[in-house]
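See below for the structure under consideration.
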Protein chains: 2
Amino acid sequence: MVNEALSTSNGSASSRSDGSSSGSESSKESSRCSTPILDAERHERLREKMRRRQDSGDKWFSLEFFPPRTANGAVNLISRFDRMGTGGPLFIDVTWHPAGDPGSDKETSSMIIASTALNYCGLETILHMTCCNQTKEMITGHLQKAKRLGLKNIMALRGDPIGEEWEEEVEGFNYAVDLVKHIRCEFDDYFDICVAGYPKGHPDAENYEDNLRHLKEKVSAGADFIITQLFFRSETFLKFMKDCQAIGITCPIVPGIFPIQGYHSLRQLVKLSKLEVPQEIKDVIEPIKDNDAAIRNYGVELAVSMCRELLDSGMVQGLHFYTLNREVATTEVLKRLGLWKEDPRRPLPWAVSANSKRRVEDVRPIFWASRPKSYIYRTQDWDEFPNGRWGNSSSPAFGELKDYYLFYLKSKSPREELLKMWGEELTSEESVFEVFTSYISGEPNRKGYKVNCLPWNDDPLAAETNLLKEELEKVNRRGILTINSQPNINGKPSTDPVVGWGPSGGYVFQKAYLEFFTSSENVKALLKVLKKYEQRVNYHIVNVQGENITNAPDLQPTAVTWGIFPGREIIQPTVVDPDSFIVWKEEAFALWIEQWAKLYEEESPSRMIIQYIHDNYYLVNLVDNEFPLNNCLWQVVEDTFELLNSPA
Amino acid sequence: MVNEALSTSNGSASSRSDGSSSGSESSKESSRCSTPILDAERHERLREKMRRRQDSGDKWFSLEFFPPRTANGAVNLISRFDRMGTGGPLFIDVTWHPAGDPGSDKETSSMIIASTALNYCGLETILHMTCCNQTKEMITGHLQKAKRLGLKNIMALRGDPIGEEWEEEVEGFNYAVDLVKHIRCEFDDYFDICVAGYPKGHPDAENYEDNLRHLKEKVSAGADFIITQLFFRSETFLKFMKDCQAIGITCPIVPGIFPIQGYHSLRQLVKLSKLEVPQEIKDVIEPIKDNDAAIRNYGVELAVSMCRELLDSGMVQGLHFYTLNREVATTEVLKRLGLWKEDPRRPLPWAVSANSKRRVEDVRPIFWASRPKSYIYRTQDWDEFPNGRWGNSSSPAFGELKDYYLFYLKSKSPREELLKMWGEELTSEESVFEVFTSYISGEPNRKGYKVNCLPWNDDPLAAETNLLKEELEKVNRRGILTINSQPNINGKPSTDPVVGWGPSGGYVFQKAYLEFFTSSENVKALLKVLKKYEQRVNYHIVNVQGENITNAPDLQPTAVTWGIFPGREIIQPTVVDPDSFIVWKEEAFALWIEQWAKLYEEESPSRMIIQYIHDNYYLVNLVDNEFPLNNCLWQVVEDTFELLNSPA
């Protein structure tokens with residue numbers, strides 16, 4: 001019989017079928033969650049991701065940032081995280097500023113910036129931590145807080161001692177290795193630990209060999225990988241790597257790349273790191289030291305050619321960039337190396353958080369589609385995803401609106417810019433209609449300024465919304481002030497560049513959705529019209545006073561986005577949920593006042609117009625359940641205007 | 001402004017939108033589960049269902065059965081439950097046989113029959129219980145057991161006292177009212193309680209007024225509704241109903257209808273109930289007493305006209321039928337009254353259980369599609385649906401296979417019939433292929449007998465399977481022995497008579513599925529072919545020795561049936577789950593031996609052929625993930641045969 005032959009092919013089929021190392025048995029052991037796994041990487045810790053790239057041969061990069069000095073700087077840095085996140089870094093890291101109250105809750109602290117990158121920008125994040133001049137209790141406190149915030153990676157450093165001469169403290173943290181041991185001792189295997197390597201030797205180490213020995217101690221104490229200090233020649237790194245391997249260091253060693261971006265920043269860095277700039281570089285730079293663009297171009301050239309040598313050596317899998325919180329040079333280098341991978345494919349229709357607590361989160365109410373950070377903030381205390389959610393009275397409530405305003409809700413644009421976009425002076429409700437219409441159409445307003453954002457949408461129009469542009473423009477002009485919408489989709493490939501998401505080989509679907517503010521007069525007519533669509537359209541209409549009109553059956557959520565994928569359960573990442581709509585409407589109405597009305601003087605006519613809208617308009621959401629047919633929501637609006645214009 | 005006008009229309013919109021009495025607020029209070037509610041009735045208790053029918057004006061009927069004497073009788077009765085269940089009874093009830101060990105675990109006991117109707121046949125069920133000559137402890141024990149089995153409705157009766165003369169027991173249960181009080185006292189509001197009404201007076205009551213007074217006491221003690229003893233004239237019931245109302249009985253009173261089915265059964269029942277048959281009926285029956293068909297026809301006529309009078313009176317919403325465990329007469333009456341409603345629409349693609357513990361169950365593995373009772377049995381100890389399910393190692397395991405065989409797995413057909421269908425004598429594996437082919441084609445086998453069932457399918461081919469008939473026939477002929485399959489469906493209306501399910505206005509989808517036994521030689525070729533379909537087809541191939549070959553990513557389940565409905569989350573009632581496939585394959589392989597091989601003598605060639613298949617064949621399941629394209633699974637099989645036939 002053929003059983004023996006089959007047993008063999010069986011073994012290979014089984015291991016071939018399962019990406020992970022030990023086949024079906026290992027998968028069995030892991031407690032499988034009820035949420036379908038869309039993206040295996042989302043479930044891995046950093047060292048596993050690194051290993052996966054090592055195995056697959058995919059090259060990667062990472063980005064280092066330092067915490068900003070001001071709140072405005074923090075807002076800008078977070079925008080930069082979002083933009084640079086699109087290039088696909090394996091992780092980012094945030095340096096520890098001992099002088100800047102790094103473990104505090106200040107919006108500029110290392111801790112909060114790292115947490116923001118992880119939780120709100122969806123970036124795998126390493127938090128630096130230095131240990132010298134700190135007590136065990138302080139360090140443990142910082143680590144506990146990092147853990148609480150969802151951070152899982154620490155770059156363990158000694159840090160610069162305070163004062164001129166450094167002395168060992170008995171029982172204190174004198175070296176990075178003490179911190180590594182402490183983390184492993186107190187937190188077991190919870191954190192992935194990174195340590196620093198010095199290809200040119202540590203400035204305080206007696207010699208190069210001592211330096212290597214210290215590095216090996218750090219690895220033996222539990223470090224998972226090494227990132228090196230910057231260097232100027234690829235040979236420096238490659239020699240260092242060989243020397244490390246020679247003394248038995250086997251963990252990944254990631255070269256730190258510093259694209260020269262300006263004369264002064266180079267000088268400062270060199271001074272801090274006690275490195276010497278090679279003569280051939282000095283020779284080029286000195287003559288052009290006042291020409292920033294020329295130096296940056298040279299720095300990019302230099303970095304690209306050094307990175308190419310490193311990658312070509314076959315010894316380097318990933319590159320770590322010291323960005324100095326700047327975008328242009330690093331992005332340019334990465335693009336030229338072919339490492340910058342803007343993947344239009346999204347794992348889910350909304351921006352996922354990198355906090356492992358949320359890794360099974362696979363459904364959100366559609367209302368926060370343009371405000372994902374707000375949604376993450378307001379649900380940060382939830383114990384369980386996706387089950388500890390909205391409607392369940394036993395689950396924790398949404399976070400308070402007022403907390404949120406403290407920081408994350410801040411608009412990226414300054415007041416003057418907002419006034420130019422939204423009007424220095426409003427004369428009627430129609431002035432507001434015009435602002436919405438300009439935002440949708442992309443045409444400049446009366447004063448010639450483009451409207452790039454609205455209080456409910458901090459970004460320009462989504463590509464998907466563009467599919468509805470013509471209709472949206474028409475209805476906004478007439479006072480249907482749209483803040484969220486999606487077209488219906490009847491089974492497009494999951495790789496579709498505009499509406500696709502999830503793994504390839506699947507199909508995505510949507511029900512048409514429209515959400516808008518409009519006057520009570522319009523709502524009165526709309527409700528009459530909706531009777532004709534009772535079987536087809538689900539609606540939910542609320543105002544700031546708490547009126548609440550809906551035909552949602554048993555207040556159940558309605559799935560409005562879902563996907564079907566090979567070998568998986570159905571994913572339904574977006575729903576219209578009646579309960580959370582009540583939470584959302586508080587935020588949506590508050591934005592009129594907080595972001596728009598407050599631009600104007602109290603008692604001013606402009607402010608009173610916005611206040612009037614806030615007090616009297618309704619927030620409406622409509623779902624067309626007939627996703628295979630043409631979207632009927634425009635007809636609903638058309639019918640409403642027809643009714644309003646017909647003689648009573 | 002228009003706010004006031006809106007507030008009014010708001011109120012009406014809100015109450016209109018919500019079917020239940022108190023609008024959105026009441027829905028809010030109820031703890032909403034994460035499972036979408038497809039069918040509100042499934043979540044209601046019997047008295048609520050009755051009230052809902054009362055409010056909507058929908059007429060209904062119910063059916064009374066008594067427990068069978070033998071195990072074979074039980075199998076037949078369960079089939080009858082299934083058949084009569086399709087007519088849409090609001091509930092069925094099972095009488096209490098004090099002499100038949102009614103509370104025991106015997107397959108013929110009142111308790112087990114009622115539990116089977118509820119749990120396995122999906123019927124709302126009332127269990128009768130009599131109290132005379134019983135201790136409180138015995139009664140409480142029975143009630144606790146009923147509760148444990150999921151029964152929620154009790155018909156509280158006194159029962160017939162043992163011995164000629166009946167005497168009140170001090171502290172004992174002397175009347176039904178004592179039982180009603182006891183149930184309410186010990187089980188609070190858990191049970192819905194039904195009591196008996198006697199339109200002609202209770203045989204033991206002193207007079208008609210005493211009888212009414214006792215009935216009122218039973219209702220005051222906590223009974224929810226009344227079912228009456230049989231009667232022969234509609235006036236009898238209507239007078240009784242008015243008299244009940246006159247003394248303040250306001251709960252539903254359901255008339256008990258007894259279609260006369262034969263001379264002897266009528267005489268016996270009349271003797272037991274101490275009723276008198278009206279002279280006009282006697283006059284008709286006596287002359288035809290030996291002509292069963294004539295009596296039954298007369299009985300049907302009589303019942304139909306009496307039921308019409310009752311319904312026309314406007315006082316009667318539901319009719320309760322004393323079936324005497326027979327089908328024909330009652331079904332005929334119901335059909336002629338227009339109450340028999342064979343609703344081809346299914347709430348879910350599989351037969352739901354009526355046990356309230358399972359009311360949120362909305363997903364099952366596809367493997368038990370033809371054996372839903374087996375699935376219910378094997379998961380009866382699960383604490384949670386759907387979350388306490390298959391893959392999760394922390395959830396309870398499937399019930400033991402061996403328990404199941406004790407009763408529920410029994411084939412409905414006797415051995416002789418099975419031998420005619422499946423072959424008195426098998427000569428080769430090909431004889432088995434022929435049996436499968438005959439089952440699919442509906443053509444008689446060599447000996448001229450139709451094959452109406454197989455060990456894996458106790459019923460004729462499903463309508464849906466007929467869609468694949470031609471292809472199935474072709475592959476079975478060649479030794480691809482199919483036991484489960486479904487076509488792919490790309491968004492048919494939920495009201496489709498063949499593949500539809502769930503509420504109207506929705507769309508249903510399926511991935512093509514094929515499950516079959518086949519030889520190891522075929523599997524070897526199949527595995528080679530499947531490499532070409534790696535991205536498209538998920539497979540799972542096992543044998544009785546435990547070989548296990550699959551390409552399911554991370555052993556996740558694959559949804560193969562799902563539905564999109566207005567105002568609801570996605571429902572995915574059927575999945576292919578790798579973990580439960582392993583459980584299913586034990587059952588699937590065991591059926592070869594238990595149901596087929598054991599028909600033959602030990603050591604006989606026929607038995608050895610089945611044993612050989614059991615020992616050497618593989619069980620294969622295939623899912624085609626490309627539901628919008630043409631089903632590729634037939635091509636996979638075709639390619640396999642091509643490979644087998646090609647010169648090595």
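Worth knowing before you read on, the calculation uses all heavy atoms, side chains too, and leaves out hydrogens, waters and symmetry mates. A note on names: the letters A, B, ... follow the listed sequences, proteins ahead of strands, and every chain is numbered from 1. Model, not experiment: these values are computed from the prediction.
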What is the minimum heavy-atom distance between E626(B) and G505(A), and which atoms define it?
-> OE2-O, 4.4 Å
Do the side chain of N625(A) and the main chain of G567(B) share a donor and acceptor less than 3.5 angstrom apart?
-> yes
So which of I541(B), N490(B), T558(B) has the biggest tally of heavy-atom pairs under 4.5 Å with chain A?
-> T558(B)
Among the listed options V576(A), V537(A), N538(A), I564(A), the residue most often paired with chain B at heavy-atom distances under 4.5 Å | I564(A)
Using non-hydrogen atoms only, which part of K528(B) is less than 4.5 Å away from chain A: side chain, backbone, both, or neither?
-> neither
Given the side-chain rings of F509(A) and Y507(B), with only the six-membered ring counted for Trp, is the space between their centroids under 6.0 Å?
-> no
When rounded to the nearest 0.5 angstrom, what is the spacing between CD in Q572(A) and CD in Q572(B)?
-> 9.0 Å
